[in-house]
Chemist: 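Here it is, the structure, as C-alpha cells.
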Protein chains: 2
Amino acid sequence: MSKFKPTIEDVARAAGVSRATASRVINHAPGASAPLRARVEAAVAALGYRPDEHARALASGRTRAVDVVVSGCDSTKGWLGAHPYFGRVIAGMMPVLEEASTQLRLHAIGRDDTAEAIDEIAANASLGAVLADATPELAARFHRRCRRVVSLVPTAPMVPGMAADNTGGAYAAVRELHRLGCRRIAAIHGPAVNPCAIERRTGFRQAIRELGLAEVAADGDFDLQGGYRAAQQLLDRHPEIDGIFVACDYMAAGAIQAITAGGRRVPDDVSVIGFDDSIAAVCTNPPLTTMRLPVEEMAAAATRLLLEGIPASAHRQRFPVELVVRESTRG
Amino acid sequence: MSKFKPTIEDVARAAGVSRATASRVINHAPGASAPLRARVEAAVAALGYRPDEHARALASGRTRAVDVVVSGCDSTKGWLGAHPYFGRVIAGMMPVLEEASTQLRLHAIGRDDTAEAIDEIAANASLGAVLADATPELAARFHRRCRRVVSLVPTAPMVPGMAADNTGGAYAAVRELHRLGCRRIAAIHGPAVNPCAIERRTGFRQAIRELGLAEVAADGDFDLQGGYRAAQQLLDRHPEIDGIFVACDYMAAGAIQAITAGGRRVPDDVSVIGFDDSIAAVCTNPPLTTMRLPVEEMAAAATRLLLEGIPASAHRQRFPVELVVRESTRG
DNA sequence: CCTTCTGCTGAGAGCGCTCTCTGGTCTACC
DNA sequence: GGTAGACCAGAGAGCGCTCTCAGCAGAAGG
C-alpha cells in the first residue's frame, strides 16, 4: 500500500553501512564481512527492498533480460497466435529464466522492418536473444549486430544454434512407416525456404531412396489448410498411397481431415506420421503418431547458453527427434 | 560492427545544441524551434542514435514496457506451453505494443510464490500488467499492489477487466444445439474454481432450464484427457445424449475422440460445440463448431487501456462471444 | 618498532537520460 | 521607449545503482 519505494541508500542507512557495502551484499559480491552482511540482509528484509532493474542496468551496463524474437509475423496471418510452436519455446525458457531471475522480453518482427527491429534490440543490450524462427539471413544479421544470439532453427554455421535433428527425424519417420508395412509413402513438405522444412525434406528423400520407393510429395505451408489441400491432391493423383509423412503436426491435422473426408480411414487405409508433437498432435482424431521435436529442451538450452555467456566454441548443438506412437499409424 | 553506441550527448554535440534540446526533439516534446529540430533529427539519423531504455526509465520514472502475467504455471503441467490461449493473448497485444514502441515482458508465476512475484513486477514499474489467467484473489492482490492492472478473466469488480460474455456464449451454444434438434444435451464443464468455467456453467444451466431439459454434466480440467474421460463417462451413463456442450475446445478434442472411440459418429449421433475457437478447434476431426472467444481483441483492448492510462471509470468491459459453425454439429 | 601485505569499508565518480529552472531574445502593447 | 509576455535554449541537478580507488585497520614479517 505504501507508495514508498526504498532505495539502496535507505538500506545502507538502516544497516549503518555505506552504499557500496550494501551493494556488495545485495549482489553476493565478495569483500563484505559476515556481521555487516547480516545487518544489510536484515535491512533489506525489513524494508522490503528490491533493486531497481533500470538503475542497475544503467550503472553496470548489463541487463538481467533475455529477448525472444519471433520473425515472419506479418507474412503468415496469425502465425504467432495460431502456431503451437511459440508457446513451447517460451515454456521451455521460462523455468530457466525464473531460476536466474532474469526477465523475458518478447519481440515480434515482420519480414521487412528487420533492420529497425534489430537496432532496437541491440540498443538495449540484454543478455542475448533467442531467435525462434529466424531465417538464416536474419540470424546472420542479428549475429553480426548483437553477437549474443542463439537460433532455434538451422542456420549459418557461425551463429550458435540449438537445432533438432530434422533430417534424422524425417528419415526415421519414413522407416517407421515402411516397418509398419507402408509401401507407397508420400510426403507433405513445408515451405521450400524454411530451413527446418528443407532438412525434413532431405531426410525423407534419403529414406525413400534407400528403400527404393518412388518419391511422391506435395508442399504445404506449415498450416492446416496447406496440409488439407496437399493430402487431397496427393490422394487424388496417387490413390495407392498408404502412408504419408507430414512435416508438421498442424498440417497433419489438415491431412487427416482430407483423408477421412475423401472416404478413407486413418490408419486403416492410410497411416500418417506428423512432426513436432505439438498440441495439434493430440487434438486430431485419431491422435497423431509424430516425431517429437524437443522444443522445450532446445529453448532451455539456448537460454542457458545466453545466461552463462556463449563460449567461442559451442555452435550448432543437435537435439534428437523421437518417435511418439499414437493412433494414426496402424499397429 | 562499430561497437560505439552514441549517447544523447553525442547527438547534441553533433547538432550543436544542448542535451536538453536534443532530448526535447527526440521525445517530440514542445519547445524546440524548427531549425534546431531539423538539425537534431539529422544528427540522430547520422549517428544511428537510439535512446537507452534504462537511462530513460531511470530518469523519468516511466517505462515503455507492459507485463503479461501467466499464473498457475506449476499446478497444471505444461499449461503455458500446451494451451493455445496464451499465444493468442500475446498475438493480440503485440501489434498494439509495436505501434506504441513498447516492450512486452512475460512473467510466468506459480500458485505459491505469488507475493514474491508481485513484488518483483511492482518493483520495476512498467506501464502495467495484463493478467492472462489470474484468479480473482490474485488479481485483487495485484491490483492492490500495482494499480495498473487489467485482467482478461472475470474478476472482482474493482479491478479493470476485459472479459468475454462467457455466460451468454454458453447459453447460445445450448440454444444452437437445441435448434439443430438435440434434445438430450449434456455439458462438460471446466474446473469448478475457474471464473470462466463458472460463468459458462451458469449459461449452460440457464439455457437448459429455460428449455425444460434435464441437466446432465461432467467436469473436466480444461485439458484433453479431462474432456475424453468426461465424455466417456457421460455417454456411459446417458447413452441417449445427442449433443454436448464442452467448455473449452481442447477438452472438446478429447471428447470427440472419446465419442468416436465409443463407436458413435460426430455429428451424426452426437453434436459437439466447443468454446474458445482456438487452434484445437480446427485440428479435430471433424473440425469443431465452437463459440469464439475474442481473445486477441480482449488482449488488444487491455493493452490499449494500459498504454493510455486506466481511467477511474472503465471497469469490466464485456466482449461478445460468437458462434463459429464447422462440422461437429449436424447441418 | 617499522614496513609490507591483506582484507574491509566508504567516498565519489559516473552510467545516459529527463526535467526544472534560469536566462535571454523577440514581439506586443501601453 | 519601456515593460510585460511568450517563446526558446542551456545549465545542472538528479534518477538508483555499480565499481574503482583510496584509506585504514590488523596481521605478518624483518
Side-chain angles (χ1 to χ4, degrees), chain A residues 3-41 43-44 47-65 101 103 119-120 122-127, chain B residues 3-41 43-44 47-65 101 103 119-120 122-127:
Chain A
K3 283 270 121 195
F4 173 65
K5 190 188 164 197
T7 72
I8 198 172
E9 189 76 53
D10 300 316
V11 171
R13 203 175 312 120
V17 299
S18 71
R19 230 172 38 244
T21 300
S23 175
R24 273 189 278 264
V25 175
I26 289 160
N27 294 293
H28 307 104
S33 62
L36 287 199
R37 200 166 279 279
R39 291 223 312 267
V40 171
E41 271 156 9
V44 166
L47 294 173
Y49 169 75
R50 291 227 148 229
D52 180 307
E53 268 319 313
H54 299 299
R56 185 177 259 189
L58 180 58
S60 69
R62 298 176 247 103
T63 317
R64 297 306 298 175
S101 49
Q103 289 192 336
D119 278 355
E120 172 161 341
N124 298 96
S126 63
L127 293 178
Chain B
K3 282 268 122 196
F4 174 67
K5 192 188 163 197
T7 71
I8 199 173
E9 189 75 53
D10 300 316
V11 171
R13 203 175 313 121
V17 300
S18 70
R19 230 171 41 245
T21 300
S23 174
R24 272 187 278 262
V25 174
I26 290 160
N27 294 295
H28 307 104
S33 62
L36 287 199
R37 201 165 279 278
R39 292 223 311 268
V40 172
E41 271 156 7
V44 166
L47 294 173
Y49 169 76
R50 290 223 149 233
D52 180 306
E53 267 319 312
H54 298 300
R56 186 177 260 190
L58 180 58
S60 68
R62 297 176 247 105
T63 316
R64 297 305 298 174
S101 51
Q103 291 192 335
D119 277 354
E120 172 161 341
N124 298 95
S126 63
L127 294 176

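Proteins come first, then strands; the chains are lettered A, B, ... in the order of their sequence lines, and each starts at number 1. If you're wondering where the values come from, they're calculated on a predicted model, not measured in any experiment.
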Chemist: For A:Arg37, which residues count as a side-chain hydrogen bond (donor to acceptor under 3.5 Å, both in side chains) partner, sequence neighbours excluded?
Modeler: none
Chemist: Holding to side-chain hydrogen bond (donor to acceptor under 3.5 Å, both in side chains), I want the full list of residues that pass it with A:Ser33, two or more places apart in sequence or in another chain.
Modeler: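 Checked A:Ser33 against side-chain hydrogen bond (donor to acceptor under 3.5 Å, both in side chains); zero matches.
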Chemist: 5' to 3' on DNA chain C, which nucleotides open and close the contacts with chain B (atom under 4.0 Å from a heavy atom)?
Modeler: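 Counting from the 5' end, contacts occupy C:dG16 to C:dC19.
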Chemist: Supply the atom-to-atom distance A:Arg50 CZ to B:Asp119 CG, rounded to the nearest 0.5 angstrom.
Modeler: 5.5 Å
Chemist: Can you list everything that forms a salt bridge (Lys or Arg N to Asp or Glu O under 4.0 Å) with B:Arg13? Sequence neighbours excluded, please.
Modeler: B:Asp10
Chemist: I need the minimum non-hydrogen distance between A:Leu36 and A:Thr21, along with the two atoms involved.
Modeler: CD1-CG2, 4.1 Å
Chemist: Heavy-atom contacts under 4.0 Å between residues 50-65 of chain B and DNA chain D, which residues?
Modeler: B:Leu58, B:Ala59
Chemist: If the helix axis at each end comes from five base pairs, how far does the helix from C:dC1-D:dG30 to C:dC30-D:dG1 deviate from straight, to 10°?
Modeler: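 It works out to 50° between the end axes.
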Chemist: Name all residues meeting the side chain to side chain contact (heavy atoms under 4.5 Å, CB included) criterion together with A:Ala15; count only those two or more places apart in sequence or in a different chain, and write none if there are none.
Modeler: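 A:Ala15: side chain to side chain contact (heavy atoms under 4.5 Å, CB included) contacts with A:Val17, A:Arg39, A:Val40, A:Ala43.
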Chemist: Supply the atom-to-atom distance B:Ser126 OG to A:Glu53 CD, rounded to the nearest 0.5 angstrom.
Modeler: 13.0 Å
Chemist: Who are the side-chain hydrogen bond (donor to acceptor under 3.5 Å, both in side chains) partners of A:Asn27, not counting sequence neighbours?
Modeler: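 Scan of A:Asn27 (side-chain hydrogen bond (donor to acceptor under 3.5 Å, both in side chains), adjacent residues dropped) gives A:Ser23, A:Arg56.
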Chemist: Could you check which residues of residues 23-31 of chain B get a heavy atom under 4.0 Å from DNA chain C? Sort them by number, please.
Modeler: B:Ser23, B:Asn27
Chemist: Who passes side chain to side chain contact (heavy atoms under 4.5 Å, CB included) against B:Ser60, sequence neighbours left out?
Modeler: B:Arg62
Chemist: Scan for salt bridge (charged side-chain N to carboxylate O under 4.0 Å, His left out) pairs involving residues 14-26 of chain A, sequence neighbours excluded, and state none if there are none.
Modeler: A:Glu9-A:Arg19
Chemist: What is the minimum heavy-atom distance between A:Thr7 and A:Tyr49, and which atoms define it?
Modeler: C-CE1, 3.5 Å
Chemist: Whole angstrom is fine here: how far is it from CG in A:Leu36 over to C1' in D:dA25?
Modeler: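 Nearest whole value for this atom pair: 14 Å.
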